[in-house]
Amino acid sequence: MHRVAVLALDGVYPFELGIPARVFGSAGDLYQVVTCGAGPAGTVATQADFRIAVDRGPEAIDTADTVVVPPFSPEPLLTAGQAPPAAVAALRRIRPGARLVSICTASFLLAAVGLLDGRRAATHWRQADAMRRAFPRVRVDQGALFVDEGDVLTSAGAASGIDACLHLVRRDHGAETANRVARICVVPPWRDGGQAQYIERPVPEEGDTGTGPTREWALRRLRRPLSLAELAAHARMSERTFARRFRMETGTSPGRWLTGQRVARARDLLEATDLPVDRIAAEVGFATAASLRRHMHAELGVAPLAYRRTFRSAADRAGARRAAPTIVKA
């Protein structure tokens, strides 16, 4: 069983604190989630008008396979880049082979102790410039929902923590398990880490269905070519209006969205079936196997067969993860 320790620091945000238990806990007996504090067991203040009781101290981190740090009161991290000493001491307990996850502005803590130096990292889009100023050695990706650097994963604000945790379930156990967890949690099963954080119109106005129904219609027809004209006709909009509305609602263009959905479907088939690559390419709407290879390499950095081998050998590699990152400064 994979053990997840959630570090509740003083001033923790309650919503984000509950995400790991809700997501990983919905995977049955695959994960064990425990909450701990940076000091002895007791109560921890939250950003809301209540405190929470934490029954475990930082020793819970000693045996954790994954450590998740939800956001907490950001001062003085946002102003001076100074990490709370108790939090630094808690992170030093991470064992070799464990991975570390931050949600929202908790990435400032990871940056303050040197864990993000030279790495790409995500944080809340409103604080991206502050992170660049405070930690110039961190390559801040202002638009990303989450960034997976292998042993360290950073995510953006609030609900992107759900996306990051679902991504880890998928990485650990595949699309079928992650989709089942998403259904239990009643959330979208997959949003790519590179999807835009800030979308101009995420919710249609009253009486306005937007492009959502057309996206659902397109997902059922990925096997065949879908032109902008066809999508716009289904939505009963002009092509120009549809393209503008689509970007406002999704943060990307119709063509790029379709490509992403086709790659996602191809990943599912590579994980769950033994279909040859050319058959998978046809099933998801790419004209040739070469086209699928090109798009998978562009989005994931790997070819289809390499992706399949990597996924199917994940269980064998579980006991040989990369060494835990070293905290180089306080």
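Numbering starts at 1 and runs along the sequence shown. Quick caveat, the model's predicted, so the values are computed rather than measured.
- Across every non-hydrogen atom of A122 and T154, the tightest pair is N-OG1, 2.8 Å.
- The side-chain heavy atoms of L292 and P304, taken from C-beta on, include a pair separated by under 4.5 Å.
- In this structure, the separation between CG on D163 and CD1 on I103 is 10.5 Å, given to the nearest 0.5 Å.
- A single hydrophobic cluster is seen to contain both V152 and V88, as judged by linkage of ILVMFWY side chains at heavy-atom distances under 4.5 Å, directly or through other members.
- Put simply, L109 and Y13 are part of two different groups of oily side chains (I, L, V, M, F, W, Y) that touch within less than 4.5 Å, one to the next.
- Closest heavy-atom contact between A45 and R51: CB-NH1, 3.5 Å.
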Could you go through the side-chain contact (heavy atoms from CB on, under 4.5 Å) check for T46 and V44 one step at a time?
-> CA-CA 6 Å; T46 72; V44 174; 5.8 Å; no
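- Distance check: I94 CD1 to I61 CD1 gives 6.5 Å after rounding to the nearest 0.5 Å.
- Residues T259 and E299 form a side-chain contact, since some pair of their non-hydrogen atoms from C-beta on lies under 4.5 Å apart.
- Counting heavy atoms from C-beta on, the side chains of F24 and L168 come closer than 4.5 Å.
- Residue V169 is not grouped with residue I184 when hydrophobic side chains (ILVMFWY) are merged at heavy-atom distances under 4.5 angstrom, including chains of intermediate members.
- The closest donor-acceptor contact from the side chain of R92 to the backbone of A87 lies at 3.5 Å or more, if one exists at all.
- Cluster annotation: L275 is connected to V284 through the hydrophobic network of ILVMFWY side chains, with a link wherever side-chain heavy atoms come within less than 4.5 Å.
- The aromatic rings of W217 and H234 lie parallel to each other, their planes meeting at an angle below 30°, with 60° marking the opposite boundary.
- Under 4.0 Å is where a charged nitrogen must lie from a carboxylate oxygen, and between R170 and D268 at least one such pair does.
- Listed here is the closest heavy atom pair of A5 and A60: CB-O, 4.1 Å.
- When the side chains of ILVMFWY residues are joined at heavy-atom separations under 4.5 Å, either directly or via intervening members, V4 and M1 end up in two distinct hydrophobic clusters.
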Applying side chain to side chain donor-acceptor pair (under 3.5 Å), run through S107 and S102 and close with a yes or a no. CA-CA 5 Å; S107 56; S102 70; 4.7 Å; no
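- Taking CE of M131 as the start and CG of D129 as the end, the distance is 11.5 Å to the nearest 0.5 Å.
- Checking side-chain atoms of S238 against main-chain N and O of T241 turns up a donor-acceptor pair under 3.5 Å.
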Could you please spell out the steps behind the side chain to side chain donor-acceptor pair (under 3.5 Å) verdict for Q142 and R132? CA-CA 10 Å; Q142 182 166 337; R132 289 191 185 96; 3.1 Å; yes
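- A salt bridge between E239 and R244 is absent, with no side-chain N of the basic residue lying under 4.0 Å from a carboxylate O of the acidic one.
- Contact of the E59 side chain with the R93 side chain is registered, since non-hydrogen atoms from C-beta on lie closer than 4.5 Å.
- Considering all non-hydrogen atoms of both residues, F72 and D10 come closest at CB-O, 3.6 Å.
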**Message:** Show, in sequence, the C-alpha distance, side-chain angles and deciding distance for L100 and L153, and conclude whether the side-chain contact (heavy atoms from CB on, under 4.5 Å) test is met.
**Reply:** CA-CA 6 Å; L100 179 59; L153 190 146; over 6 Å; no
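- Using a 4.5 Å heavy-atom threshold, the side chains of F135 and D117 count as separate.
- Of all non-hydrogen atoms in L270 and R308, the two that sit nearest each other are O-NE, 3.1 Å.
- Screening T66, D151, D148, D65 against R99 for a side chain to side chain donor-acceptor pair (under 3.5 Å) leaves a single residue, T66.
- Within the model, atoms CZ of R293 and OG1 of T288 stand 8.0 Å from one another, a figure rounded to the nearest 0.5 Å.
- A heavy-atom distance below 4.5 Å is found between the side chains of S160 and S155.
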Q) Yes or no on salt bridge (Lys or Arg N to Asp or Glu O under 4.0 Å) for E176 and R180, after CA distance, side-chain angles and deciding distance? A) CA-CA 6 Å; E176 184 176 354; R180 175 170 54 83; over 6 Å; no
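- Atoms CG and CH2, from L231 and W257 in turn, are 8.0 Å apart once rounded to the nearest 0.5 Å.
- Aromatic ring centres of H124 and F108 lie farther apart than the 6.0 Å criterion allows.
- Across all their heavy atoms, P254 and F242 have their closest contact at CG-CE2, 3.9 Å.
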Could you walk me through whether E230 and R224 pass salt bridge (Lys or Arg N to Asp or Glu O under 4.0 Å), step by step?
CA-CA 12 Å; E230 192 173 5; R224 62 184 186 83; 2.8 Å; yes
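- Salt bridge R279/E283: present, at least one basic N to carboxylate O contact under 4.0 Å.
- Side chains of Q261 and L222 form a contact here, defined as non-hydrogen atoms less than 4.5 Å apart.
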